[in-house]
Student: 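Below are the structure tokens for one structure; questions will follow.
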Amino acid sequence: MGYHFRIMGVVNVTPDSFSDGGLYLDPQVAIAHGRQLAAEGAEILDVGGESTRPGAEPVSSEEELRRVMPVVEGLVGARTTTAVSSPTISIDTAKAAVARAALDAGATLVNDVTALRGDPEMAAVVAQSGAECCLMHMRGEPRTMQHGRGEEWYDDVVDDVKAFLEARMAFAVERGIAEERILLDPGIGFGKTVEHNLQLLRRLPELAALGRPLVAGTSRKSFLGRLLGDAPPAARLPGTIATCVLAYERGASVLRVHDVAPVRAALTVAAATLGAR
Ligand code: HH2
């Protein structure tokens, strides 16, 4: 099973996500979308109520809870009644109150783009629940992360991301989160130039050496648009597929995507090829 991968399907319950903002604000529509992604083969459904796109405005806990909880509950409920697919429910949040509510409702993974830096209560909430936890690298914060000249931000982007992830993992373990429950993510597109993103993908084996499953989130991101003649998000699927296959071949085992069926098909072929004897 050295070539196992998991697809994490994106369920954005936001008015302003960069590629699908406003499409799934109605909980029933979001639940139907999540079920569809599970039927397409997503083993994880990542439910988020706050956009992290550059320039996005922060959302209050109350509003984030109002957006995500009906969807988490609906997808957890759907899971027990659907024999074929029982996806892991992930909550994409930096807020401990939102994580706690989602975990209480049956989510078992916390995807925190701040890597436990955003809320001082978050580490304890994750530790107590025994949930899996994804720690992602981000330089700056979403509102401002693309403002600076990113070139100046890193000595060597891969070394810097690796050192950061190592330190955040040590912090998590010290706070009682089992190492076996930790996933690591280079944070493609978060405070990084096109070149940084490409270099992180090419040198992913250096991050895989940290010994934890790697998550790669390239789906529809703007660096793909830049490489494809300013293609809008809907036209970035070929770039998403190329980067997911490469990331997988270089050690990522969780691919976070909006377009589950085509990425799953591409990875199935890639896995068969890599496993050929
Ligand atoms: N990317 C986004 C959001 N959450 N989490 C992880 N672990 N890794 C990522 O690369 C990642 C993430 C951004 O994508 P999306 O959710 O589609 O957009 P928005 O943040 O605008 O809702």
Side-chain angles (χ1 to χ4, degrees), residues 8-31 33-34 45-73 89-103 107 109-123 125-126 133-150 153 164 168 185-194 196-197 215 217-226 230 232-234 236 256-258:
M8 177 188 257
V10 179
V11 182
N12 281 328
V13 198
T14 59
D16 57 345
S17 285
F18 76 94
S19 80
D20 56 4
L23 284 182
Y24 311 112
L25 257 185
D26 175 337
Q28 292 314 317
V29 178
I31 292 165
H33 181 60
L45 295 175
D46 191 34
V47 181
E50 178 173 43
S51 173
T52 56
R53 75 179 161 75
E57 286 301 323
V59 172
S60 70
S61 286
E62 294 70 30
E63 174 62 12
E64 202 176 320
L65 284 164
R66 201 185 59 74
R67 290 179 188 174
V68 298
M69 286 313 295
V71 179
V72 168
E73 284 160 6
I89 307 301
S90 164
I91 180 71
D92 185 350
T93 188
K95 297 187 184 73
V98 176
R100 186 184 291 117
L103 293 166
L109 197 165
V110 175
N111 176 25
D112 180 0
V113 298
T114 73
L116 310 175
R117 295 173 301 159
D119 186 326
E121 306 296 322
M122 186 63 111
V125 166
V126 176
C133 180
C134 178
L135 304 175
M136 195 194 81
H137 176 272
M138 167 167 48
R139 184 74 199 250
E141 55 180 75
R143 216 136 44 97
T144 56
M145 66 190 175
Q146 299 293 58
H147 284 184
R149 288 202 35 233
W153 281 6
F164 172 91
R168 296 318 295 164
D185 185 332
I188 298 296
F190 287 85
K192 294 163 184 103
T193 64
V194 174
H196 290 143
N197 292 320
V215 179
T218 61
S219 189
R220 301 182 182 173
K221 282 188 178 162
S222 67
F223 78 107
L224 299 173
R226 294 275 295 281
D230 287 329
R236 297 174 189 166
R256 182 184 184 278
V257 297
H258 303 84

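Computed from a predicted model, the values in this text were never measured in an experiment. Numbers for residues simply follow the sequence, beginning at 1.
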Student: What distance do T218 atom OG1 and L224 atom CG have between them, rounded to the nearest 0.5 Å?
Tutor: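 It is 6.0 Å, given to the nearest 0.5 Å.
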
Student: Is there side-chain contact between L103 and V125, with at least one heavy-atom pair below 4.5 Å?
Tutor: yes

Student: Within the side chain of K95, is there an N or O that forms a donor-acceptor pair under 3.5 Å with the backbone of E64?
Tutor: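 No; zero donor-acceptor contacts below 3.5 Å.
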
Student: Which heavy atom of S19 sits nearest a heavy atom of R220, and at what distance?
Tutor: OG-NH1, 3.1 Å

Student: Do you know which two heavy atoms are closest between A30 and V13, and how far apart they sit?
Tutor: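 Heavy-atom minimum between the residues: CB-CG2, 4.3 Å.
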
Student: T14 vs E50, test: side chain to side chain donor-acceptor pair (under 3.5 Å). Steps then yes/no.
Tutor: CA-CA 6 Å; T14 59; E50 178 173 43; over 6 Å; no

Student: Between V29 and P27, is there a side-chain heavy-atom distance shorter than 4.5 Å?
Tutor: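 No, side chains not in contact.
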
Student: Using 0.5 Å steps for rounding, measure from the CZ atom of F223 to the NZ atom of K192.
Tutor: 11.0 Å

Student: Please check this pair: side chain of T193 against backbone of H196, looking for a donor-acceptor N/O pair closer than 3.5 Å.
Tutor: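 Present.
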
Student: Can you sort out the partners of H33 under side chain to side chain contact (heavy atoms under 4.5 Å, CB included), two or more places apart, ordered by chain and number?
Tutor: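 Y24, L37.
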
Student: What residues form a side chain to side chain donor-acceptor pair (under 3.5 Å) with R117, not counting sequence neighbours?
Tutor: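 So R117 forms no side chain to side chain donor-acceptor pair (under 3.5 Å) with any residue.
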
Student: Tell me the closest heavy-atom pair linking K221 and F190, and the distance in Å.
Tutor: NZ-CE1, 3.7 Å

Student: Kindly give the heavy-atom pair with the smallest separation between C134 and D185, and that separation in Å.
Tutor: SG-CB, 3.8 Å

Student: Do the side chains of D112 and T93 get nearer than 4.5 Å, heavy atoms only?
Tutor: no

Student: With side chains defined as the heavy atoms from C-beta onward, is the minimum distance between D92 and V47 less than 4.5 Å?
Tutor: no

Student: Does any non-hydrogen side-chain atom of V11 lie less than 4.5 Å from one of V71?
Tutor: yes

Student: For a 4.5 angstrom cut-off between non-hydrogen side-chain atoms, does E57 reach D16?
Tutor: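 Side chain of E57 against side chain of D16, heavy atoms only: no contact under 4.5 Å found.
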
Student: Would you mind reporting whether T114 and M138 have side-chain heavy atoms less than 4.5 Å apart?
Tutor: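 A side-chain contact exists here, since the closest heavy-atom pair is under 4.5 Å.
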
Student: Could you state the interatomic distance from OG (S222) to CG (D230), rounded to the nearest 0.5 Å?
Tutor: 10.0 Å

Student: What residues, two or more places apart in sequence or in another chain, satisfy side chain to side chain donor-acceptor pair (under 3.5 Å) together with D46?
Tutor: S90, N111, R256

Student: Using modelled atom types only, decide if a donor and an acceptor are shared between the side chain of R67 and the backbone of L25 within a distance under 3.5 Å.
Tutor: no

Student: Which heavy-atom pair separates C133 from V126 by the least distance, and what is that distance?
Tutor: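 Distance-wise, the nearest heavy atoms are CB-CG1, 3.8 Å.
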
Student: Test V257 against V10 for side-chain contact (heavy atoms from CB on, under 4.5 Å), laying out the working first.
Tutor: CA-CA 6 Å; V257 297; V10 179; 5.7 Å; no

Student: How far apart are the closest heavy atoms of F18 and S51, and which atoms are they?
Tutor: N-OG, 4.5 Å

Student: Side chains of L23 and S17, heavy atoms from C-beta outward: is any pair under 4.5 Å?
Tutor: no

Student: For salt bridge (Lys or Arg N to Asp or Glu O under 4.0 Å), just list the numbers for R66 and E62, CA-CA rounded to whole Å, side-chain angles, deciding distance to a tenth of an Å, and then say yes or no.
Tutor: CA-CA 6 Å; R66 201 185 59 74; E62 294 70 30; over 6 Å; no

Student: When rounded to the nearest 0.5 angstrom, what is the spacing between OG in S219 and CG in D20?
Tutor: 9.0 Å

